[in-house]
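Proteins get letters first, then strands, A, B, ... in listed order; numbering begins at 1 in each. These numbers were taken from a predicted model, which means no experiment stands behind them.
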Amino acid sequence: MTLFVRFAAHMADILDAMEEAGELPAGLNRKPVTVEPPRDLSHGDLATNAAMVLAKPAGTNPRALAEKIAARLEALDEVASVSIAGPGFINMTLTPETWAEELREIERLGSDYGRSDAGKGVTVNVEYVSANPTGPMHMGHCRGAVVGDALATLLEYAGHKVIREYYINDAGGQVDVLARSVHLRYREALGEDIGEIPEGLYPGAYLVPVGHKLATHYGSKFVDAPESEWLVLFRKTAVADMMDMIRDDLALLGIHHDVFASEAELQAAGKPDAAEKWLREHDLVYDGMLEAPKGEMPEDWEPVELPLFRSTNYGDDQDRPIKKSNGSWTYFGADMAYHYQKAQAADQLIDIWGADHAGTVKRIQAAVAALTEGKARFDVKLVQMVRLLRDGEPVKMSKRAGNFVTLADVVREVGKDVVRFTMLTRKADAQMDFDFAKVVEASKDNPVFYVNYAHARISSLGRRVAEAGIDLPEPDLSRLGTEELNLIKLAAQFPRIVDGAAHNREPHRISFYLNDLASAFHSWWNMGNDDPSKRIIVVNDVETTSVRLSLARQIGQIIRNGLMLMGVEALSEMQ
RNA sequence: GCGCCCGUAGCUCAGCUGGAUAGAGCAUUCGCCUUCUAAGCGAAUGGCCGCAGGUUCGAAUCCUGCCGGGCGCGCCA
């Protein structure tokens, strides 16, 4: 049990005892009670607001209540001193032995230090990437992919059961365009000069092999055939090949989904029809007129009666069509059924979307609320755009010309770990620059480097000791100094950081924490430059060396744990 | 017009589901290499947390209204 979990339990015990002793009324809401490190560490190691939040409901004043709680806290073996400050904060300083024990705990738990059961096994479905199967992954997809994947790992570590899912949009107009583009490549493979790829079709050379494959398989059979004879076949073949390509791209980032859900299969299985039926029975779908668009009026707009979902019941500004006038499902109509399907296999849903889809969040949340009758927690995380920079200049991309920067290119250039780490150095809903030069820069401005550098330094300590053949005694942790204890205090935050990041679904918090931890470590290391007696390896003092090395190793362990959550490998040397 | 996101140091950003005197990096200034990798470290300077109300013991954080910026709005995906 890590320290913060233990103190939350201590606090609960104390409040129980006070109830029993008649010092507190029974049944107070203890939810607002926290026991956490104060922002300003000069206040102590731990602080609780218990007296402030309980005073009013208990009919007493904060100071008086604080006195009573403080007396009981002071009686704990782990607590060295207690003080009451400000409006009623109770500050505690813990004994050095308590922190030494936490260091042992890190060593005991190793890669599990930080893991928790806070998620209580609740199943979370994280849907991310879900790029259209019409070409290779490009940098526009990258951030959502990394954020989704890191979030999934984080939730697992925090005690959730996680399903990593990819929704294949293989039923809409885009995949028909793909099939037509492939038909061109197919004709080309048979020797025809197709010239320029017409506007509106996918020009990318990655479709050439698909055309070849179809040509080899079917010969000239479909060259002059009407679209109805080949469209389905070409679409299916192309989508399958595109998905293989996308899976390969994702593998470059170390991303592997558990479930690939096909929109076409969903529709073939009649899921949207079932959803519509249920919604109509509950008067949540009706046939009605679509309101005219609020912004610029399209020239060809005309009122039409369509089946509309009552998303306005759930805060959307207008009801949304689930079918088009030609009878086929809208994207939303199918997506609604898809989310219902996901909710069958999970308690909570998370979608990772590009920020350009922000406008459709409300309707899908409305649909999930309706179909699950409000039972499933469902978060849509919007991921902002990444601006690619080279030499300080934005990299120009034109999707139409097909010259977008692919994810594979970027991974090839800077490496998987740099891409992943960098994508997690901003919160998801903030815009981000990705500068090819800066992300590989070996300086402290670059967290990717800075964190790894700390880890490499720690690794080098181990090598030095081994090379020197020094025989170290068991570390005597009573020899830990102030600086060392402060470092342990920061290291001990890791489990809290993990829980907070998981709870708020914000994986970037891990990278910020690691940067802080690395900074504290570099600072400690550097003290040895000014004062040789403060080095980690102190010549002719195996006792001190043993203690400090033990601490350094556990810092390294936490860096590895954090990097693991981000899907990044820790480096043992900086080449 | 409506909706979503965002306004925190000169710049880029954190701020832990409300906590004490708001933090880090860059930039600027000044220090530290007979070294466990200085690819680093330390110090100084720098803030009406967009504005105005509200909620309460307590607000950068929650609510409302403005101001300013970005994105979106169709039977597209």
*Where does B:G74 fall, syn or anti, if syn means a chi angle no more than 90° from 0?*
syn

*asked:* So A:Gln318 and A:Leu290, do their side chains get closer than 4.5 Å, heavy atoms only?
replied: yes

_Whole-Å P distance, B:C26 and B:A22_ = 22 Å

_Checking contacts here: which listed nucleotide (B:C16, B:C36, B:A39) is nearest the side-chain heavy atoms of A:Tyr453?_
B:A39

*Searching all strands shown, indicate the nucleotide that pairs with B:A14 (Watson-Crick or G-U wobble; both distances under 3.5 Å).*
none

_A:Ile350 side chain reached by A:Tyr128 side chain, heavy atoms, under 4.5 Å_ = no

*asked:* Please name the nucleotide paired to B:U37 by Watson-Crick or G-U wobble geometry with both distances under 3.5 Å, or report none.
replied: none

*asked:* Determine whether the aromatic ring centres of residues A:Phe89 and A:His43 are separated by less than 6.0 angstrom.
replied: no

*asked:* Can you see if the side chain of A:Trp525 gets near the phosphate of B:A38 - specifically, an N or O under 4.0 Å from OP1 or OP2?
replied: yes

_Taking any heavy-atom pair under 4.0 Å as a contact, classify A:Ala456: base, sugar-phosphate, or nothing._
base

*Looking across every strand, which nucleic acid part, if any, lies under 4.0 Å from A:Ala501 by heavy atom: base, sugar-phosphate, or nothing?*
nothing

*asked:* Rounding to an integer number of Å, can you tell me how far A:Ile510 CD1 sits from B:C16 C1'?
replied: 11 Å

*asked:* Using a heavy-atom cut-off of 4.0 Å across all strands, would you classify A:Pro38 as base, sugar-phosphate, or nothing?
replied: base

_Would you say the base of B:A20 stacks on A:His43 (centre-to-centre below 5.5 Å, plane angle below 30°)?_
yes

*Nearest whole angstrom, please: distance from the P of B:C13 to the CD of A:Gln384.*
11 Å

*If we call it a pair only when both distances are under 3.5 Å in a Watson-Crick or G-U wobble match, what pairs with B:U61?*
none

*asked:* Distance check needed: B:C4 C1' versus A:Gln365 CD, whole Å only.
replied: 11 Å

*Relative to the 5' end of RNA chain B, which residue comes earlier, A:Lys56 or A:Arg535, by the nucleotide with the nearest heavy atom?*
A:Arg535

*Hey, does the side chain of A:Arg464 come within less than 4.0 Å of B:U37's phosphate (OP1/OP2), counting only N and O?*
yes

*Base-pairing mate for B:G1 - Watson-Crick or G-U, with both contacts under 3.5 Å*: B:C73

*What nucleotide, of B:G15, B:U56, B:G40, holds the atom closest to the side chain of A:His522?*
B:G40

*B:U45 and B:C2: how far apart are their C1' atoms, nearest whole angstrom?*
46 Å

*Partner nucleotide of B:U55 by Watson-Crick or wobble geometry (both distances under 3.5 Å)*: none

*Please answer whether the main-chain N or O of A:Leu424 pairs with a side-chain N or O of A:Ser511 as donor and acceptor at a distance below 3.5 Å.*
yes

*Report the base-pairing partner of B:U29 (Watson-Crick or G-U wobble, both distances below 3.5 angstrom), or none.*
B:A43

*asked:* For a quick check of understanding: with a heavy-atom distance under 4.0 Å over all strands, which category does A:Asn49 fall into, base, sugar-phosphate or nothing?
replied: base

*Figure out the CZ/P separation between A:Phe512 and B:C13, and round it to whole Å.*
10 Å

*Taking for each residue the nucleotide of RNA chain B bearing the nearest heavy atom, is the 5' side occupied by A:His508 or by A:Glu573?*
A:His508

_Shortest side-chain distance from A:His503, nucleotide among B:U17, B:U12, B:G42_ = B:U17

*Do we count A:Phe89 as stacking onto B:A20 if the rule is ring centres under 5.5 Å and planes under 30°?*
yes

*Roughly how far apart are A:Ile322 CD1 and A:Leu306 CG, rounded to 0.5 Å?*
9.5 Å

*Any cation-pi pair here, A:Arg390 with A:Phe436, using under 6.0 Å and within 45°?*
yes

*Same-atom distance (P) from B:U61 to B:G54, integer angstrom*: 14 Å

_With rounding to the closest Å, how many angstrom separate the P atoms on B:C63 and B:G3?_
15 Å

*A:Lys381 NZ to B:C6 P: how many Å, rounded?*
10 Å

_A:Met52 CE to B:A20 P, straight-line distance once rounded to whole Å_ = 10 Å

*Whole Å only: how far is the CG atom of A:Asp433 from the P atom of B:U12?*
10 Å

*For atom P, what is the distance between B:C49 and B:G40, given to the nearest Å?*
33 Å

Taking only nitrogen or oxygen atoms into account, show me every contact under 3.5 Å that the protein makes with nucleotides 75-77 of chain B, one pair per line with its distance.
unit_1: B:C75; atom_1: O2; unit_2: A:Ser325; atom_2: N; d: 2.7
unit_1: B:C75; atom_1: O2; unit_2: A:Ser325; atom_2: OG; d: 3.0
unit_1: B:C75; atom_1: N3; unit_2: A:Ser325; atom_2: OG; d: 2.6
unit_1: B:A77; atom_1: OP1; unit_2: A:Gly173; atom_2: N; d: 3.0
unit_1: B:A77; atom_1: O2'; unit_2: A:Asn132; atom_2: OD1; d: 3.3
unit_1: B:A77; atom_1: O2'; unit_2: A:Asn132; atom_2: ND2; d: 2.9
unit_1: B:A77; atom_1: N3; unit_2: A:His357; atom_2: NE2; d: 3.2

*asked:* Heavy atoms from C-beta onward define the side chain here; which of B:U37, B:G15, B:C4 lies closest to that of A:Arg509?
replied: B:G15

*asked:* With a 4.0 Å limit, can you tell me whether A:Lys362 has a side-chain N or O closer than that to the phosphate oxygens OP1/OP2 of B:C4?
replied: yes

*Euclidean distance for P, B:U8 against B:A60 (whole angstrom)*: 15 Å

_Quick check for you: among B:C16, B:A20, B:G40, whose closest atom lies nearest to any side-chain atom of A:Tyr450?_
B:G40

*With a non-hydrogen cut-off below 4.0 angstrom, is A:Arg496 in contact with a base, only sugar-phosphate, or nothing?*
base

*A:Tyr513 side-chain N/O to B:G15 phosphate OP1/OP2 under 4.0 Å*: no

*Base, sugar-phosphate alone, or nothing: which one does A:Val465 contact when heavy atoms must sit under 4.0 Å apart?*
nothing

*asked:* I'd like to know whether CZ of A:Arg553 has more than 12 heavy-atom contacts from other residues, nucleotides or ligands below 6.0 angstrom.
replied: no

_Interatomic distance where CD belongs to A:Glu506 and C1' belongs to B:G15 [whole Å]_ = 11 Å

*Check every atom of B:C4, B:A20, B:C41 against the side chain of A:Asn91 and return the nucleotide holding the closest atom.*
B:A20

*Counting only N and O atoms by type, is there a donor-acceptor contact under 3.5 Å from the side chain of A:Ser550 to the main-chain atoms of A:Ser546?*
no

*So, A:Asp170 side chain and A:Glu263 main chain: donor-acceptor pair closer than 3.5 Å or not?*
yes

_Could you check whether A:Glu67 pairs with A:Arg63 (Lys NZ or Arg NE/NH1/NH2 to Asp/Glu carboxylate O, under 4.0 Å)?_
no

*Does the pair A:Lys342/A:Glu165 count as a salt bridge with the N-to-O cut at 4.0 Å?*
no

_Looking at A:Asp433 and A:Arg426, is any side-chain nitrogen of the basic one under 4.0 Å from a carboxylate oxygen of the acidic one?_
no

*Output yes when at least one side-chain N/O atom of A:Lys427 is less than 4.0 Å from OP1 or OP2 of B:G15, else no.*
yes

*For B:C41, does OP1 or OP2 lie under 4.0 Å from any side-chain N or O of A:Asn529?*
no

_Student check: side-chain heavy atoms of A:Leu514 and A:Met566 closer than 4.5 Å_ = yes

*Take atom P in B:U21 and the same atom in B:G25, then report the distance between them in whole Å.*
23 Å

*What does nucleotides 24-31 of chain B look like as a protein-contact string, B for base, S for sugar-phosphate only, - for none, at under 4.0 angstrom between heavy atoms?*
-SS-----

_Main chain of A:Val129, side chain of A:His141: is a donor-acceptor contact present, judged purely on distance under 3.5 Å?_
no

